[in-house]
Structures are given as C-alpha cells and as structure tokens.
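Read the numbers this way: they start at 1 and go in the same order the structure lists the ligands and their atoms. No experiment lies behind these values; they were computed from the predicted model shown.
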Amino acid sequence: MDSLKKNWFTEACELWPGGTFSFEVKEVLCDEKSEYQHVQVFDTTSLGKVLVLDGIIQCTEKDEFSYQEMISFLPLCCHKNPEKVLIVGGGDGGVAREVAKHPKVKQIVQVEIDAKVIEVSKKHLPFMAVGFDSPKLTLHVGDGFDFMKHHSAEFDVIITDSSDPVGPAVTLFQENYFSLMKSALREGGIVCSQAGTIWNDLQLVRSTLSHCRKQFPSAAYAYASVPTYPSGQIGFVIGSLTPDARFDVPTITFTKDEEAAMKLRYYNSEVHKAAFVLPTFVKYQLA
Ligand code: SAM
C-alpha cells in the first residue's frame, strides 16, 4: 500500500521508469498477497473498478473492453474456423467473455496460474468474470508454460492474456514458449499474445515479435488504444502456421446487428484492418 497516498493510487513499474499513472480511489475492495503476486482491487472515482497485480494496472471497468475484444477478435477473425481456443492467463475472465461470443467457437480451455485472481474477479469484477460462466469453458488453475508442454495439435487459436514480463509471466514472453504454442496448434492455427507498447517498450515488442517470427511463417504486430495502460496503447503479436497469412483481412465480418448482439464496443472489421497499420518509426524498428 506504499503507493496509495491521500486516496490516490500510483502505478510504478521497473518496465517504464521515470513516468507514472495515478487514479483516485474511493474504496479499497481487496488487498491480498497470493502465492504468486500482490492482488488489489479498487473502486475509483473515474475508472470504475480497477484490478492491480504487483502494482501494475491489469484492467479498468472504463476501458477493459478495448483490450479484451481486440486480443480475442483479432486472432479469431484471422482464422477460418476457430472451434477450439486456449486462453493462457486472463484470470479476470474478460477474454473468456469475448471468445465465447464468437459464433464459430465451440470449446474454450483456459489456464490461469493464480486462483486468487479468479476468486477476487468473481467477487469484485463480475462484468468480466461473467466469462467464467460460459458453458463452452473448461478452466484449469496452473502454469501456462507447463500446460503447453503437455498438449499437442489440439487448438485452433491460442490467446496469451498474460500480465507483463515480470513475476509469473516472464516465461510467456520467451521464444521457447512460442515453440511450445506452435506444437499445441492444429493445422492453420494462430497465436495471439499481449506484447507491450510501442512508446514505452519497443524493445519488448521487437523481441516478442522476433520470437514469434522464428517459430511461425507469418507474424505481425497489431495494436489498440487503452487509455489506462502505460502510454495509452497496447499491442499484440500474432503468428500463424499459414505462410503469407493476410492478418489485416478478417475471415469473417459481422453486420451492425451482429456486432450489437455480441455487445462489441471497440472491435469491428475496419478497426481490425487498421490495427495492423503501423506508424513509420515502428515499421522501421520491427522490419
Ligand atoms: N489485460 C492484462 C494486461 O495486459 O495487463 C492482463 C490481465 S490478466 C489478469 C493476466 C493474468 O495472467 C493474471 O491473472 C496472471 O495471474 C496470469 N498469469 C501470469 N503468468 C502466468 C502463467 N505463467 N501462466 C498462466 N497465467 C499467468
């Protein structure tokens, strides 16, 4: 609680030194140490409920839909028939909520390392934890890296909704994790991983994309605007077993009515295409 002064929480992390983001707290709803990390939930004056792990904002009620929709619908809509999906991490339930909406998804398997995050999200963040109620979902508590070692040729899409590469998520940003994911995919499979921001950590984006490129014949970086993440932007590395995959052309497009029925507030086909268009300095750095 050192970072909570006069009802303001200040995010601080070694990954983005010298700058910070703060929000005003109405009430501390949870402040516990799990086996893996410090778990906090705040009710705030401007962002609704906020989940913080080891001092880093994971999601806020105000803008979580942007991240959850994009990390889910980008890979799902790059795949012709994403019937079986694996989610690694995602302990708040938001990605399961989004993946379950896709009409072609029949089965979702999720592996989250920290049972405490699931428990706390069910109690305080029901707007995301509703994802755990999907009849399509089988939820495991365990390490995503270890889980991947024991599964081969099983999934159409693997989404890694991990925390940042400090603590239990470090292994999920390594090249051997991309190699294990490749083995766990069926033919034509696609992976999508949280991959950091171009403004604060372009080196992380570069290394994650490079690991993906070494294992997959097609790979790209796409991004979304999420105001409460460092620098207000976050990206995803997408890899496909299909050579020359056209990630920027969605395989399925939804009508306005379908988007409304799925309660999509950020993702649509135009946003999908635009997410792969990179600023010049990023294109140069990721070439
Ligand atoms: N949207 C968030 C972000 O990018 O900041 C991520 C949210 S989600 C809460 C991240 C989850 O990944 C956490 O619940 C954390 O416990 C989980 N996680 C971290 N390392 C993991 C691992 N090795 N295996 C499975 N889950 C992991």
Side-chain angles (χ1 to χ4, degrees), residues 11 13 15-16 21 30 32-41 47 49-72 74 86-99 109-122 124-125 127-129 131-132 139-151 158-174 176-178 180-181 184 192-197 200-201 204-205 208 223-237 266:
E11 184 180 50
C13 178
L15 294 174
W16 44 91
F21 179 81
C30 167
E32 294 183 47
K33 290 264 164 65
S34 78
E35 193 184 332
Y36 298 97
Q37 52 211 341
H38 186 190
V39 182
Q40 293 170 296
V41 180
L47 305 171
K49 308 280 188 335
V50 178
L51 173 66
V52 173
L53 296 179
D54 280 344
I56 303 175
I57 295 171
Q58 301 295 302
C59 25
T60 83
E61 193 168 359
K62 178 181 175 177
D63 61 13
E64 55 84 14
F65 63 94
S66 163
Y67 175 88
Q68 325 277 14
E69 289 181 22
M70 290 295 273
I71 198 172
S72 305
L74 285 177
L86 173 65
I87 301 167
V88 176
D92 48 62
V95 170
R97 180 193 70 199
E98 295 306 319
V99 171
V109 178
Q110 178 166 358
V111 55
E112 157 62 50
I113 203 166
D114 197 341
K116 178 60 76 181
V117 178
I118 300 170
E119 176 200 314
V120 159
S121 299
K122 284 183 177 172
H124 298 294
L125 310 166
F127 51 94
M128 289 190 285
F132 296 126
L139 180 60
H140 300 274
V141 173
D143 184 294
F145 189 90
D146 287 342
F147 183 91
M148 210 65 72
K149 288 182 192 160
H150 302 106
H151 293 263
I158 300 174
I159 297 170
T160 304
D161 175 25
S162 74
S163 27
D164 292 299
V166 279
V170 168
T171 53
L172 306 180
F173 289 80
Q174 293 169 349
N176 51 358
Y177 178 66
F178 281 87
L180 288 172
M181 286 199 288
C192 182
S193 289
Q194 195 265 90
T197 133
N200 283 6
D201 206 348
L204 175 68
V205 177
T208 313
Y223 67 93
S225 151
V226 184
T228 54
Y229 283 154
S231 83
Q233 178 267 349
I234 193 152
F236 317 100
V237 158
Y266 190 96

Give the numbers and elements of all ligand 1 atoms closer than 4.0 Å to a heavy atom of [X].
{"X": "Asp143", "answer": "23 (N), 24 (N)"}
{"X": "Val111", "answer": "25 (C)"}
{"X": "Asp114", "answer": "16 (O)"}
{"X": "Ala169", "answer": "19 (C), 20 (N)"}

Any side-chain donor near an acceptor of the partner, Tyr229 and Asp63, under 3.5 Å |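 The answer is no; no qualifying pair exists.
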
Please write down residue, atom name and distance for the protein heavy atom closest to [atom].
{"atom": "atom 3 (C) of ligand 1", "result": "Tyr229 OH, 3.4 Å"}
{"atom": "atom 15 (C) of ligand 1", "result": "Glu112 OE2, 3.4 Å"}
{"atom": "atom 18 (N) of ligand 1", "result": "Ile113 CG2, 3.9 Å"}
{"atom": "atom 23 (N) of ligand 1", "result": "Pro168 O, 3.0 Å"}
{"atom": "atom 8 (S) of ligand 1", "result": "Asp92 OD2, 3.5 Å"}
{"atom": "atom 24 (N) of ligand 1", "result": "Gly144 N, 2.9 Å"}
{"atom": "atom 19 (C) of ligand 1", "result": "Ser163 OG, 3.3 Å"}
{"atom": "atom 5 (O) of ligand 1", "result": "Gln58 OE1, 3.5 Å"}

Can you name the nearest heavy-atom pair linking [X] to [Y], along with the distance?
{"X": "Ile234", "Y": "Tyr67", "answer": "CG2-CD1, 3.7 Å"}
{"X": "Ser162", "Y": "Gln194", "answer": "O-NE2, 3.2 Å"}
{"X": "Gly196", "Y": "Leu204", "answer": "CA-CD2, 4.1 Å"}
{"X": "Ala224", "Y": "Met70", "answer": "CB-CG, 3.8 Å"}
{"X": "Val205", "Y": "Ala195", "answer": "CG2-O, 3.3 Å"}
{"X": "Ala169", "Y": "Phe173", "answer": "O-CD1, 3.3 Å"}

Tell me the salt bridge (charged side-chain N to carboxylate O under 4.0 Å, His left out) pairs involving residues 110-119, sequence neighbours left out?
->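 Salt bridge (charged side-chain N to carboxylate O under 4.0 Å, His left out) check on residues 110-119 returns Glu32-Lys116, Lys116-Glu119.
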
Please classify the [X] to ligand 1 contact at 4.0 Å (heavy-atom distances, strictly less than): side chain, backbone, both or neither.
{"X": "Leu53", "result": "side chain"}
{"X": "Phe147", "result": "neither"}
{"X": "Leu172", "result": "side chain"}

Between ligand 1 and [X], can you find any atom pair, the residue atom being a heavy atom, that is separated by under 4.0 Å?
{"X": "Phe145", "answer": "no"}
{"X": "Gly90", "answer": "yes"}
{"X": "Gln37", "answer": "yes"}
{"X": "Gly94", "answer": "no"}

Side-chain touch Glu64/Arg97, heavy atoms, less than 4.5 angstrom |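 Yes; the side chains approach each other to less than 4.5 Å.
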
Is any side-chain heavy atom of Leu86 closer than 4.5 Å to a side-chain heavy atom of Ile159?
->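 Counting from C-beta outward, Leu86 and Ile159 never come under 4.5 Å.
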
Side chain to side chain contact (heavy atoms under 4.5 Å, CB included) partners for Ser193, two or more places apart |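 Residues passing side chain to side chain contact (heavy atoms under 4.5 Å, CB included) with Ser193: Thr160, Phe178, Met181.
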
Would you call the rings of His140 and Phe147 parallel, tilted or perpendicular, where under 30° means parallel and over 60° means perpendicular?
->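 His140 vs Phe147 ring planes: tilted.
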
